[in-house]
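Worksheet for the structure shown next.
Below, each value reflects all heavy atoms present in this structure, side chains not excepted, and no hydrogens, waters or symmetry copies.
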Amino acid sequence: MKLSLHSERWATQNPFRIAGKTWDAFEPIVVELSEGGVVGRGEALGVHYRGETVESMTAQIERMAQRIEAGLERISLQDRKSTRLNSSH
């Protein structure tokens with residue numbers, strides 16, 4: 001499996017306002033997984049009040065890229081996350 005990622009800029013038709021913040025564009029990270037001529041694609045926006053950015057999300061994905069390309073399954077990733085969250089308490 002091959003993983004690729006990039007960011008895009010999506011302009012809004014009108015400013016988007018919520019919780020005291022206004023956006024005129026969004027910058028999602030776009031991830032594509034391909035294998036055997038089949039491509040899956042997903043986009044994600046960071047959560048601004050948690051400090052998530054295109055750069056921070058890209059770094060997180062790049063840290064896991066080898067495992068993802070080797071076939072890491074969603075349940076294993078979720079188990080890893082819940083284990084990390086539970087151990088931080």
Side-chain angles (χ1 to χ4, degrees):
M1 182 176 326
K2 176 159 176 32
L3 179 144
S4 64
L5 57 127
H6 66 277
S7 64
E8 295 182 354
R9 182 172 171 80
W10 298 346
T12 60
Q13 287 185 322
N14 298 300
F16 178 78
R17 294 178 182 91
I18 190 168
K21 184 147 173 73
T22 303
W23 289 270
D24 60 5
F26 296 99
E27 294 185 30
I29 186 168
V30 180
V31 177
E32 293 182 350
L33 295 174
S34 58
E35 184 172 51
V38 178
V39 177
R41 179 181 176 178
E43 304 91 15
L45 293 167
V47 178
H48 82 330
Y49 58 83
R50 296 190 67 188
E52 295 175 336
T53 63
V54 167
E55 294 80 14
S56 68
M57 292 187 303
T58 297
Q60 289 176 353
I61 294 168
E62 287 176 342
R63 282 194 299 271
M64 298 296 294
Q66 284 185 310
R67 294 185 64 195
I68 293 168
E69 290 179 329
L72 177 67
E73 295 181 3
R74 176 188 233 174
I75 191 73
S76 298
L77 183 60
Q78 289 172 330
D79 286 346
R80 178 180 162 89
K81 181 179 178 184
S82 68
T83 300
R84 189 182 75 237
L85 290 175
N86 290 334
S87 67
S88 66
H89 288 84

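- For residues 20-34, the pairs satisfying side chain to side chain donor-acceptor pair (under 3.5 Å) are Arg9-Glu27, with sequence neighbours left out.
- Every residue was checked against the side chain to side chain contact (heavy atoms under 4.5 Å, CB included) condition with Val38, not counting sequence neighbours, and none meets it.
- A continuous path of Ile, Leu, Val, Met, Phe, Trp and Tyr side chains, each step under 4.5 Å between heavy atoms, connects Phe16 with Leu45, placing both in one hydrophobic cluster.
- The CD atom of Glu62 lies 10.5 Å from the CD1 atom of Ile68; values are rounded to the nearest 0.5 Å.
- Tyr49 belongs to a hydrophobic cluster whose remaining members, ordered by chain and number, are Val47; membership requires side-chain heavy atoms of ILVMFWY residues under 4.5 Å apart, directly or through intermediates.
- With sequence neighbours excluded, the residues that form a side chain to side chain donor-acceptor pair (under 3.5 Å) with Glu43 are Arg41.
- Tracing side-chain contacts under 4.5 Å through hydrophobic residues (I, L, V, M, F, W, Y), one reaches Met1 starting from Leu5; they form part of the same cluster.
- Residues that satisfy the side chain to side chain donor-acceptor pair (under 3.5 Å) test with Glu55, not counting sequence neighbours, are Thr53.
- Distance CD1/Ile61 to OG/Ser4: 10.5 Å, rounded to 0.5 Å.
- Interatomic distance, CD of Gln66 versus CG of Leu3, reported as 11.0 Å (0.5 Å rounding).
- Listed by first and then second residue, the ring-ring contact (aromatic ring centres under 6.0 Å, His included) pairs that reach into residues 60-79 come to none, sequence neighbours excluded.
- Here the closest non-hydrogen pair linking Met64 and Leu72 is CE-CD2, 3.7 Å.
- Gly51 and Ser56 make their closest contact through O-OG, 4.2 Å (heavy atoms, listed as atom of the first residue, atom of the second, distance).
- Residues satisfying the side chain to side chain donor-acceptor pair (under 3.5 Å) criterion with His48, sequence neighbours excluded, are absent altogether.
- Of the listed residues (Glu8, His6, Glu52, Met57), just one forms a side-chain contact (heavy atoms from CB on, under 4.5 Å) with Ile29, and that residue is Met57.
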